[in-house]
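See structure below.
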Amino acid sequence: ARCWYEATMPLFNLEGDALTDLKHHVEKLILAANEVLEGLKSSLKSAWIKDPTNEKKKERDRKKFVSKQAVFIDANFWSVTEPAFYRLLAELAELAEISDEDGANKLLATWAIELKQNARILFDQYALSSLNEDGDYKQVIKAKHHPRNGLEHFLNISRALKDLAA
């Protein structure tokens, strides 16, 4: 997975339960970010690629999406979420030192909000950009708001996001 591999990694001097707690929280942060990114890409694919009846064209369009736009979406997603991630990481480390689980849970919930906001912003930026060659706005709206498989539906049912808010 492409993520924050070009950034400077902070070091925290934690031991025992504090270290275990921080690792657990970081796993939740990263899992939620990965899940939101996948939902974002899936929704953008629905916004950009019509569902042709020709299976060969459908597969060609899917490969085109994966090979071109998905790389930019990944990089953009990680770059816009990186500052908040590291800020939360530092705050979670401080809370782990003093065993403040309530404070940590509040921070995890803010990460869920941050991810949702960024997913919505990026969806709008990409779906309404020149990358959407067809410019089918009905399809864009459906990809964002469809009650069973739109971006908003995904953000509301995501297990990883729910775990952050728990």
Side-chain angles (χ1 to χ4, degrees), residues 1-5 7 24-55 57-89 91-92 95 101-166:
R2 291 178 179 92
C3 42
W4 305 294
Y5 56 85
H24 176 72
H25 295 318
V26 169
E27 288 171 2
K28 284 181 157 185
L29 296 176
I30 293 171
L31 178 64
N34 279 319
E35 197 170 287
V36 168
L37 176 58
E38 290 308 311
L40 172 63
K41 290 191 298 190
S42 177
S43 297
L44 283 169
K45 186 168 62 171
S46 295
W48 286 338
I49 300 172
K50 291 190 185 279
D51 194 16
T53 54
N54 180 328
E55 288 298 318
K57 182 172 179 355
K58 185 187 232 181
E59 184 61 20
R60 186 180 70 236
D61 285 347
R62 188 192 68 73
K63 286 180 181 177
K64 177 180 163 186
F65 172 83
V66 170
S67 67
K68 292 184 178 178
Q69 288 89 353
V71 173
F72 296 113
I73 296 164
D74 285 7
N76 199 1
F77 178 83
W78 295 122
S79 71
V80 299
T81 58
E82 182 181 32
F85 174 82
Y86 283 118
R87 180 180 42 78
L88 287 172
L89 180 61
E91 291 176 25
L92 285 168
L95 294 173
E101 194 62 30
D102 289 337
N105 288 334
K106 288 177 185 174
L107 288 177
L108 292 175
T110 63
W111 181 239
I113 293 166
E114 180 88 22
L115 290 173
K116 287 179 180 184
Q117 288 174 339
N118 281 300
R120 290 177 182 120
I121 290 167
L122 290 172
F123 179 90
D124 290 345
Q125 285 176 354
Y126 281 108
L128 302 174
S129 74
S130 61
L131 292 173
N132 185 353
E133 295 168 0
D134 295 334
D136 184 347
Y137 294 110
K138 184 177 179 181
Q139 190 169 326
V140 169
I141 291 168
K142 183 179 176 183
K144 188 171 184 182
H145 297 290
H146 193 278
R148 285 193 313 249
N149 59 5
L151 177 65
E152 292 298 332
H153 173 72
F154 168 78
L155 294 175
N156 288 326
I157 67 160
S158 165
R159 168 74 62 205
L161 289 174
K162 286 182 180 180
D163 286 348
L164 290 174

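Computed from heavy atoms alone, side chains included, the values below leave out hydrogens, waters and symmetry copies. As the structure is a prediction and not an experimental result, all values here were calculated from the model.
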Measuring from [X]:[atom1] to [Y]:[atom2], what's the distance to the nearest 0.5 Å?
{"X": "Ile113", "Y": "Leu108", "atom1": "CD1", "atom2": "CG", "value": "11.5 Å"}
{"X": "Leu95", "Y": "Glu101", "atom1": "CG", "atom2": "CD", "value": "9.0 Å"}
{"X": "Leu107", "Y": "Leu89", "atom1": "CG", "atom2": "CG", "value": "10.5 Å"}
{"X": "Leu92", "Y": "Lys28", "atom1": "CG", "atom2": "NZ", "value": "10.5 Å"}

For this session: Indicate whether the side chain of Glu114 and that of Asn118 have a donor and an acceptor atom separated by less than 3.5 Å.
Result: yes
Can you tell if the side chain of [X] reaches within under 4.5 Å of the side chain of [Y], non-hydrogen atoms only?
{"X": "Tyr126", "Y": "Asn76", "answer": "yes"}
{"X": "Phe77", "Y": "Asn34", "answer": "no"}
{"X": "Leu155", "Y": "Arg120", "answer": "yes"}
{"X": "Ser43", "Y": "Phe123", "answer": "yes"}

Problem set entry | Among Leu37, Leu115, Val36, Leu29, side chain to side chain contact (heavy atoms under 4.5 Å, CB included) partner for Thr81 | Leu115
For this session: Can you spot which of His153, Glu152, Gln139 makes a side chain to side chain contact (heavy atoms under 4.5 Å, CB included) with Lys144?
Result: Glu152
For this session: Please step through side-chain contact (heavy atoms from CB on, under 4.5 Å) for the pair Glu35 and Leu161, ending with a clear verdict.
Result: CA-CA 8 Å; Glu35 197 170 287; Leu161 289 174; 5.6 Å; no
Seminar exercise, completed: Note: Leu164 and Ala32 closest approach over all heavy atoms is CD1-CB, 3.4 Å
For this session: Determine, step by step, whether Ile73 and Leu122 satisfy the side-chain contact (heavy atoms from CB on, under 4.5 Å) criterion, reporting the C-alpha distance in whole Å, the side-chain angles of both residues, the deciding distance to 0.1 Å, and the verdict.
Result: CA-CA 8 Å; Ile73 296 164; Leu122 290 172; 5.9 Å; no
For this session: Run the numbers on Phe154 and Leu40 for side-chain contact (heavy atoms from CB on, under 4.5 Å), then give the verdict.
Result: CA-CA 9 Å; Phe154 168 78; Leu40 172 63; over 6 Å; no
Seminar exercise, completed: Residues at least two apart in sequence or cross-chain that pass side-chain contact (heavy atoms from CB on, under 4.5 Å) with His146, listed by chain then number, are Lys142, Arg148, Asn149
